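In what follows, residues are counted from 1 in the order of the sequence shown. Just so it is clear, the structure is predicted and the values come from calculations on it, not from any experiment.
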Amino acid sequence: MKYRNTVEFEVSGDYALFSDPVTRAGGEKSSLLIPTYEGIKGVLHSVYWKPTIVWIIDKVRVMNPIQTESKNIRPLKWPSGNDLAVYTYLKDVRYRVQAHFEWNYNRPELECDRNENKHHNIARRMIERGGRRDIFLGTRECQGYVEPCVFDEGEGFYDQIPEMAFGFMYHGITYADEAINEEDKNKLTVRFWRPVMKKGVIEFTRPENCTDIRHIREMSIKPFGKGDNFIGADEFEDSEVSGE
């Protein structure tokens, strides 16, 4: 199903590192073989983000062969000096993404900003410009590049592979202000799933439909208020027009 406010773009980079945050605690980092929902959502947040909307990643198409490369790294070690570690990255990545946005009903104070055409048009313009902020593929050192595309066009490396399963995998994090299910309200929740790639395409499970979840801690929603951290609908429109 393709939504009216769907956006399509291609993101590529020399390296990517998508991983479960829990596995990074020991200092060594190793990428999962495919991008996580949270990683692609982070790319979209760098392209265009507003608290009024929630980006939903519908599907990702893997265009290049999955390759890994290990590097010896000397990360900073607290309180001083350096440490030795091995990071395993994905190499020469290229993905096509199809996503859409929905209103964040956990923020009724932003109801005045629910203008679908405005947000959709701004998002498409930001994709054409390569994003509002720098694009990263999983981690800060993996620079990415965004450009418009047609999701189904072109040849992908896995187009003729009927099915590939990737087992139990990290999906993403649900913050309190984006929680939909009642049991996730006012909590920080981590999600897991079992992705299957069919002919190069991974269709993501919606966050609220993930059944393997863990509640990490209680979390409150930071409110937005006019004159505080939100300037109001009229001024907001003016700032978007001027490009602020």
Side-chain angles (χ1 to χ4, degrees), residues 1-18 34-65 90-104 107 110 112-159 172 178 200-204 206-207 224 230-244:
M1 179 178 178
K2 190 171 181 179
Y3 296 84
R4 185 173 64 178
N5 57 19
T6 290
V7 296
E8 296 179 337
F9 64 91
E10 182 172 287
V11 58
S12 59
D14 293 336
Y15 294 98
L17 202 161
F18 302 106
I34 57 175
T36 62
Y37 183 98
E38 197 72 18
I40 298 299
K41 187 177 178 182
V43 170
L44 258 175
H45 279 185
S46 292
V47 170
Y48 177 67
W49 175 84
K50 282 291 184 294
T52 312
I53 65 176
V54 177
W55 283 110
I56 305 296
I57 313 302
D58 298 312
K59 50 188 178 179
V60 165
R61 186 178 173 203
V62 181
M63 303 299 290
N64 288 355
L90 292 174
K91 180 182 178 181
D92 187 25
V93 299
R94 186 162 63 96
Y95 307 111
R96 290 192 172 177
V97 180
Q98 188 178 99
H100 73 282
F101 64 82
E102 298 177 359
W103 302 129
N104 189 344
R107 296 202 172 277
L110 301 182
C112 58
D113 189 40
R114 293 175 189 168
N115 184 325
E116 183 180 47
N117 287 335
K118 181 190 77 170
H119 290 295
H120 190 211
N121 289 334
I122 295 173
R124 288 191 301 174
R125 289 201 303 271
M126 293 305 105
I127 289 172
E128 292 173 357
R129 297 178 185 179
R132 275 189 164 175
R133 299 187 294 274
D134 290 343
I135 306 298
F136 305 118
L137 292 165
T139 57
R140 181 66 175 81
E141 68 266 26
C142 298
Q143 182 78 42
Y145 304 92
V146 164
E147 60 183 294
C149 75
V150 177
F151 186 85
D152 295 321
E153 287 186 355
E155 293 186 8
F157 187 81
Y158 297 96
D159 288 354
E178 294 186 356
V201 176
I202 302 161
E203 294 193 12
F204 283 104
R206 288 179 62 101
F224 281 81
F230 179 64
I231 59 180
D234 297 336
E235 298 167 274
F236 189 86
E237 294 281 359
D238 293 341
S239 65
E240 290 293 355
V241 172
S242 62
E244 294 179 6

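- Scored by the side-chain hydrogen bond (donor to acceptor under 3.5 Å, both in side chains) test, Gln98 finds Glu8 as partners (sequence neighbours excluded).
- Partners of Asp159 under the side-chain contact (heavy atoms from CB on, under 4.5 Å) rule, at least two apart in sequence or in another chain, are Arg61, Glu155.
- No side-chain heavy atom of Asp58 sits under 4.5 Å from any side-chain heavy atom of Glu203.
- Here Glu128 pairs with nothing under the salt bridge (charged side-chain N to carboxylate O under 4.0 Å, His left out) rule; sequence neighbours left out.
- Residues Tyr158 and Met63 form no side-chain contact, since every pair of their non-hydrogen atoms from C-beta on lies 4.5 Å or further apart.
- One distance of note links CZ of Phe136 with CD of Gln143; it measures 5.5 Å at 0.5 Å rounding.
- Under the rule for a salt bridge (charged side-chain N to carboxylate O under 4.0 Å, His left out), Glu141 has no partner lying at least two apart in sequence or in another chain.
- Here Phe204 pairs with Tyr37, Trp193 under the ring pair (Phe, Tyr, Trp, His ring centres under 6.0 Å) rule; sequence neighbours left out.
- A distance-only check finds no donor-acceptor pair linking the side chain of Arg96 to the backbone of Gly156 [under 3.5 Å].
- Around NZ of Lys91, the count of heavy atoms belonging to other residues, nucleotides or ligands within 6.0 Å does not exceed 12.
- The structure places SG of Cys142 at 13.5 Å from CD1 of Ile135, a figure rounded to the nearest 0.5 Å.
- Pairing each heavy atom of Gly138 with each of Phe18, the nearest pair is N-CE2, 3.8 Å.
- The side-chain hydrogen bond (donor to acceptor under 3.5 Å, both in side chains) search around Asp152 returns none, not counting sequence neighbours.
- Checked against salt bridge (charged side-chain N to carboxylate O under 4.0 Å, His left out), Arg4 has the following partners two or more places apart in sequence or in another chain: Glu116.
- Residues Ala99 and Leu44 share a closest heavy-atom pair of CB-CD1, 3.6 Å.
- Residues passing the ring pair (Phe, Tyr, Trp, His ring centres under 6.0 Å) test with Tyr15, sequence neighbours excluded: Tyr89.
- Residues Leu17 and Leu90 have side chains not in contact (no heavy-atom distance under 4.5 Å, counting atoms from C-beta outward).
- Scanning both residues, Ala16 and Val93, for their nearest heavy atoms gives CB-CG2, 3.9 Å.
- For Glu102 and Arg114, the salt-bridge test fails: no basic side-chain N is under 4.0 Å from an acidic carboxylate O.
- Looking at Ile40, Ile202, Thr36 one by one, the single match for side chain to side chain contact (heavy atoms under 4.5 Å, CB included) with Ile57 turns out to be Ile40.
- Using a distance-only test at 3.5 Å, with no hydrogens or angles considered, no donor-acceptor pair links the side chain of Asn104 to the main chain of Ile53.
- In terms of heavy-atom proximity, Trp103 sits nearest to His119 at CZ3-CD2, 3.8 Å.
- Remark: Ile56 CD1 to Thr6 OG1 distance equals 11.5 Å, nearest 0.5 Å.
- At a threshold of 4.5 Å between non-hydrogen side-chain atoms, the residues Ile122 and Arg132 count as touching.
- Closest approach of Val97 and Phe151 over heavy atoms only: C-CD1, 3.8 Å.
- Residues that satisfy the side-chain hydrogen bond (donor to acceptor under 3.5 Å, both in side chains) test with Asn64, not counting sequence neighbours, are Arg94.
- With rounding to the nearest 0.5 Å, the separation of OG in Ser12 from OH in Tyr95 is 10.5 Å.
- Evaluated for a side chain to side chain donor-acceptor pair (under 3.5 Å) with Asp113, the options Lys118, Arg107, Lys50 yield exactly one hit, Lys118.
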Would you sort out whether Val201 and Val60 count as a side chain to side chain contact (heavy atoms under 4.5 Å, CB included), showing the intermediate values?
-> CA-CA 6 Å; Val201 176; Val60 165; over 6 Å; no
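- Contact annotation: the side chain of Asp92 never approaches that of Asp14 to less than 4.5 Å [non-hydrogen atoms, C-beta and beyond].
- Residues satisfying the salt bridge (charged side-chain N to carboxylate O under 4.0 Å, His left out) test with Glu178, not counting sequence neighbours, are Lys41.
- Under the ring pair (Phe, Tyr, Trp, His ring centres under 6.0 Å) criterion, Tyr3 pairs with His100, sequence neighbours left out.
- Remark: Arg133 engages no residue in a side-chain hydrogen bond (donor to acceptor under 3.5 Å, both in side chains) (not counting sequence neighbours).
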